[in-house]
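In this chain, residues are counted from 1 in sequence order. Bear in mind that the values here come from a model prediction, so they are computed numbers and not experimental data. Hydrogens, waters and symmetry mates are skipped; everything else that's a heavy atom, side chains included, is used.
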Amino acid sequence: MVGATFVEAHPSKNKGFFLWYPVAVAEFGNCPNKKVSGRFVIDCYAYNLIGSSLVRFLMLKKLRKEAQLLPYPSIDAPILQHNECSEYSFMKNAEELWHVLQNEEKAADMIKQLSTVATAKAEEQVRERRFRFFLFRGPRVNIERYALRSNVAILKEILSNLCLDKYVKPTSWTPSHILLRIDAETSSVSILVGKNEEYSATYSRFLFRDEIYTTIKSKLNLT
């Protein structure tokens, strides 16, 4: 994508492999909620392959305040090119998801379906940690529905906090790339910004799905 930027990153170790991953960096300055001040990283790849607007909002992440956007990559690593990353598609995804969330049972079923199709290896890694979302936890049958409904409420809160329930557009939208460290041995993905590195349960969950990981390997000629 012409004009795409890169979130500056400087890794301190070389385990796994690095990948410049396509995202958008957005601000929601017209939303009066103070919780949404600053910039957010929005997925521009996995959601499209999976075919789910839900994925974009589960992968949404606040960008560190000190992060710098550069017109060139700060390290030499494969670049996964943008397919589609328009503000229009993001707003359409938000509208679709908000509509689904109004029907609690339908929304809960959508989350459950998405949570049960991860690869076995990724699932094993996820079970070793504790996360807020049911999507990232091994389900207990007696609390399954309660957990799913809780996630519906969390997703509603995410969209409301960004004023996307009122279809308020971002005040800025910049196609970009973030640097990921992908470790196939542990099925883990870390996000690097500046000199900081943070493991991401969400990115690990989705990028190691078969249809995502095999596509990444194919596009980048990885074995």
Count the heavy atoms of every other residue, nucleotide or ligand shown that sit under 6.0 Å from [atom1] of [X], and state whether that count exceeds 12.
X: Lys62; atom1: NZ; result: yes
X: Lys169; atom1: NZ; result: no
X: Tyr72; atom1: OH; result: no

For [X] and [Y], work out which heavy atoms get closest and say how close.
X: Glu27; Y: Gly38; result: CG-O, 3.7 Å
X: Phe28; Y: Ile42; result: CZ-CD1, 4.3 Å
X: Ser204; Y: Val189; result: OG-N, 2.8 Å

Hey, could you give me each pair passing disulfide bond (SG atoms under 2.5 Å apart) that has a residue in residues 11-46? Not counting sequence neighbours.
Cys31-Cys163, Cys44-Cys85
Report the distance from atom [atom1] of [X] to atom [atom2] of [Y], rounding to the nearest 0.5 Å.
X: Leu97; Y: Leu164; atom1: CG; atom2: CG; result: 9.5 Å
X: Glu104; Y: Asp109; atom1: CD; atom2: CG; result: 10.5 Å
X: Leu207; Y: Asp43; atom1: CG; atom2: CG; result: 8.0 Å
X: His177; Y: Leu69; atom1: NE2; atom2: CG; result: 12.5 Å
X: Asn151; Y: Ile111; atom1: CG; atom2: CD1; result: 5.0 Å

For His10, which residues count as a side-chain hydrogen bond (donor to acceptor under 3.5 Å, both in side chains) partner, sequence neighbours excluded?
Glu8
Contacts of Arg181 meeting side-chain hydrogen bond (donor to acceptor under 3.5 Å, both in side chains) (sequence neighbours excluded), chain-then-number -> Glu197
4.5 Å side-chain heavy-atom contact, [X] and [Y]:
X: Asn93; Y: Val55; value: no
X: Leu80; Y: Leu19; value: yes
X: Glu95; Y: Tyr167; value: yes

Ring centers of Phe90, Trp173 separated by less than 6.0 Å:
yes
Hey, would you say the Phe57 and Phe40 ring centroids sit under 6.0 Å apart?
no
Give me the other members of the hydrophobic cluster that Trp20 sits in, counting Ile, Leu, Val, Met, Phe, Trp and Tyr linked by side-chain heavy atoms under 4.5 Å, directly or via other members.
Phe6, Phe18, Ile75, Ile79, Leu179, Leu192
Which other residues end up in the same hydrophobic cluster as Tyr88, if Ile, Leu, Val, Met, Phe, Trp and Tyr are linked when side-chain heavy atoms come under 4.5 Å apart?
none
Would Glu185 and Lys15 count as a salt bridge (Lys or Arg N to Asp or Glu O under 4.0 Å) if you check the C-alpha gap in whole Å, the side-chain angles of each, and the deciding distance to 0.1 Å?
CA-CA 10 Å; Glu185 290 185 5; Lys15 188 177 182 181; 5.4 Å; no
Please evaluate residues Lys156 and Ile158 with respect to the criterion side chain to side chain contact (heavy atoms under 4.5 Å, CB included), reporting the C-alpha separation (whole Å), side-chain torsions for both, the decisive distance (0.1 Å), and the verdict.
CA-CA 5 Å; Lys156 281 185 176 180; Ile158 290 171; over 6 Å; no
Under 3.5 Å, which donor-acceptor pairs link side chains of residues 46-54 to any protein atom two or more places apart or in another chain?
unit_1 : atom_1 : unit_2 : atom_2 : d
Tyr47  : OH     : Glu84  : OE1    : 3.4
Ser52  : OG     : Leu54  : N      : 3.2

